[in-house]
Amino acid sequence: MTRMAIVLLTLAAGAAAAVVAAGVSPWWCWAAVPLLLLGLLGAADLLQRRHSVLRNYPVLGHARFLLERIRPELQQYFIERNYDGRPFDRDVRTIVYERAKGTDAEQPYGTERDVYETGYEFLVPSMAPRPVPDTPPKVRIGGPDCTRPYDMALLNVSAMSFGSLSANAVLALNGGAAAGGFAHDTGEGGLSEYHLRPGGDLVWEIGTGYFGCRTPDGDFDPAEFADKAAHENVKCVSLKLSQGAKPGIGGVLPGAKVNAEIARVRDVPEGQTVMSPPYHKVFSTPRELVRFIARMRELSGGKPTGFKLCVGSRRQFLAVCKAMLEEGTAPDFIVVDGGEGGTGAAPLEFADHVGAPLTEGLLTVHNALVGTGLRDRVRIGASGKIATGTDLVKRLVQGADYGNAARAMMFAVGCIQAQRCHTNTCPTGITTQDPWRARALDVRDKTPRVRRFQEATVASALQIMASMGVTDPAELRPHMLRRRIDPHTERSYDELYEWLEPGQLLVEPPAAWAVDWKTADPDRFTV
């Protein structure tokens, strides 16, 4: 309201100056004209719906767009260095913005990368490319214990909670998912009306706080869980073990963001900071985890059920695989969250140094499931800085069946990476519970941007695969992705990493896996 008041006062002052200029002295025009122009510009900024920054910062917000016009690379320079020293590539951000707006993201004069730099990766094109499929393929989620399988899109909205995100941001993301036919992960903050109202497919995520299905003392409430999981929009249920930005510690929602509505959605007290514990109360061993996943599936009426983690100890994950074999049941999907991922605030030490990067995490989970003969019944999702078709294809090569995007989806609804997510003062209305700031995000404008971004990114991935001679993700192979290991040498992924054969761990584990496999205990999380 302060912004509106300032604009109205400016217009009133301009009008008064104009009256004085007409009746007293024309010299007052020097005050009347600028004041009226500024007032009209401010009013136009407040009423327009395309730019969230201008709605929250009328007149002043034009400085950002002026900077883009005068020197785009300078504006990108500041943004790139404004994200904990771990920037998204300039070209990646440009691609997301342009695709969300439905405009071209092509660039003349070739790559700006040093293709001889160590670590540079590239996909291998074929001399016999294939036609691009007319319809994007989907991934069937649901093992033998699942009675209500779900067809997952190749790219979906990754976990971001209501509370961390504003109601308008959730509405735009879910509306985009509904329009584009892809899934929206709720994050661990509960199931709100903003997730349900647009009608998009949901993956309901349950974290260590059991928000939305918890007892007053913070335990899991099976009755409330079953009631909410029965909603027709909930297509899958996911148990969050850990997340890429801060594996091993719980989340925090500042009390300033916990209004009455969020408190009701999360089943927590209003106005108090909400702390998610770092561990689950419902299990303490791999076997108990597998049994609880099966119980969640049963309570949800047979819907696909899985878990999300940032991979750490390979031995512990193998222990979970052993538990699956001994219990005769398995999750329908596993989402691997890379240590480089994460949209929320996290301690820098955790964000930078704890948890396996997505590549290593995917290779561990994929090979462990293959080696134990479980891969055919468990689908793998990948989450961690997936923003382009290239990112998606690389993750499919590395063992994923589909991808999830969080940061890129935030870009699609207007995020400028101001790094004020935890302060409740987000300038674009995405990560705030301040009604006036959240109002700046116009749902009608941002919803189609989410749909366009996802659609264009999947189309790009299919086009890339077709150039590689592939029409279905199942045809991708490790030798199709190569990495430069020094200025003179590059190797394919089938040369760089060990790929297990189906059931190999059950028969004769390779030397590199033998010790971890032998010591993995389904009744203990042994480090």
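- Atom OG in S276 sits 8.5 Å away from atom CD in Q243 (nearest 0.5 Å).
- By the 4.0 Å N-to-carboxylate-O rule, R482 lies close enough to E490 to be salt-bridged with it.
- Inter-residue side-chain proximity for F333 and S238 is flagged as met; some heavy-atom pair is nearer than 4.5 Å.
- Comment: R375 engages D401 in a salt bridge, judged by a side-chain N to carboxylate O separation of less than 4.0 angstrom.
- Looking at S242, its side chain does come within 3.5 Å of a backbone N or O of C310 through a donor-acceptor pair.
- With respect to P198, the side chain to side chain contact (heavy atoms under 4.5 Å, CB included) criterion is satisfied by exactly one of T447, V170, N174: N174.
- Although no hydrogens or angles enter the test, the distance criterion places a donor-acceptor pair under 3.5 Å between the side chain of S166 and the main chain of G429.
- Screening K235, K138, R140 for a salt bridge (Lys or Arg N to Asp or Glu O under 4.0 Å) involving D151 leaves a single residue, R140.
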Item to check | F411 vs R449, side chain to side chain contact (heavy atoms under 4.5 Å, CB included): CA-CA, chis, key distance, verdict | outcome: CA-CA 10 Å; F411 289 158; R449 292 193 180 203; over 6 Å; no
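- A408 and I386 make their closest contact through CB-O, 3.9 Å (heavy atoms, listed as atom of the first residue, atom of the second, distance).
- Partners of R491 according to the side-chain contact (heavy atoms from CB on, under 4.5 Å) rule, which considers only residues two or more places apart in sequence or in another chain, are I485, T489, E495, L496.
- Inter-residue side-chain proximity for R483 and Y493 is flagged as met; some heavy-atom pair is nearer than 4.5 Å.
- No side-chain donor-acceptor contact under 3.5 Å links R484 and Y116.
- Between R148 and S300, the closest heavy-atom pair is NH1-O, 4.1 Å.
- With values rounded to the nearest 0.5 angstrom, L481 atom CG is found 10.5 Å from T390 atom OG1.
- Inter-residue side-chain proximity for H479 and V124 is flagged as unmet; no heavy-atom pair is nearer than 4.5 Å.
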Checklist entry - What's the verdict on side chain to side chain contact (heavy atoms under 4.5 Å, CB included) for L506 and L325, showing C-alpha distance, side-chain angles and the deciding distance? => result CA-CA 10 Å; L506 305 178; L325 293 170; 3.7 Å; yes
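- The shortest heavy-atom contact between N367 and W499 is OD1-CA, 3.3 Å.
- At a threshold of 4.5 Å between non-hydrogen side-chain atoms, the residues V139 and L154 count as touching.
- Judged by distance alone, the side chain of K228 and the main-chain N or O of G212 form a donor-acceptor pair under 3.5 Å.
- In this structure, F225 has its ring center under 6.0 Å from that of W204.
- A side-chain donor from one of T359 and R395 sits under 3.5 Å from a side-chain acceptor of the other.
- Within 6.0 Å of atom CD in E327, more than 12 heavy atoms from other residues, nucleotides or ligands are found, so the atom counts as buried in its surroundings.
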Checklist entry - Under the side chain to side chain contact (heavy atoms under 4.5 Å, CB included) criterion, do M468 and E475 qualify, and how do the steps go? => result CA-CA 10 Å; M468 299 166 66; E475 301 174 55; over 6 Å; no
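- To the nearest 0.5 Å, atom CG of residue L123 and atom OG of residue S467 are 7.5 Å apart.
- No donor-acceptor distance shorter than 3.5 angstrom exists from the side chain of N233 to the backbone of L202, with no hydrogens or angles considered.
- Judged by distance alone, the side chain of R297 and the main-chain N or O of T147 form no donor-acceptor pair under 3.5 Å.
- At least one donor-acceptor pair under 3.5 Å links the side chain of T372 to the backbone N or O of A368.
- L505 places a side-chain heavy atom less than 4.5 Å from the side chain of L318.
- The line from CZ of F453 to OG1 of T388 is 8.0 Å long, rounded to the nearest 0.5 Å.
- In terms of heavy-atom proximity, Q504 sits nearest to P510 at NE2-CD, 3.7 Å.
- Side-chain atoms of S164 do not come within 3.5 Å of backbone N or O of M160 as any donor-acceptor pair.
- Put simply, the side chain of L173 reaches to within 4.5 Å of the side chain of L165, judged on heavy atoms.
- Contact detail for Q454 and L155: the closest heavy-atom pair is NE2-O, 2.9 Å.
- Within the 4.5 Å cutoff, the side chain of V203 has no heavy atoms near those of the N404 side chain.
- Side-chain contact check for P304 versus R379: every heavy-atom pair is 4.5 Å or farther apart.
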Checklist entry - Could you walk me through whether T186 and F162 pass the side chain to side chain contact (heavy atoms under 4.5 Å, CB included) check? => result CA-CA 7 Å; T186 65; F162 170 57; over 6 Å; no
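- Residues F211 and R266 approach most closely at CD2-O, 3.6 Å, considering heavy atoms.
- Note on D145 versus R377: salt bridge recorded, some NZ/NE/NH1/NH2 to OD/OE distance being below 4.0 Å.
- Remark: side-chain polar atoms of N168 are not paired, donor with acceptor, to backbone N or O of V443 under 3.5 angstrom.
- For the residue pair E224 and Y210, no side-chain donor N or O sits within less than 3.5 Å of a side-chain acceptor on the partner.
- A distance-only check finds a donor-acceptor pair linking the side chain of Q433 to the backbone of G163 [under 3.5 Å].
- D391 contributes a side-chain N or O that, together with a main-chain N or O of A387, makes up a donor-acceptor pair within less than 3.5 Å.
- Separating the CZ atom in R477 from the CG atom in L396 is a distance of 12.0 Å, to the nearest 0.5 Å.
- In this structure, the separation between CG on D332 and NZ on K303 is 13.0 Å, given to the nearest 0.5 Å.
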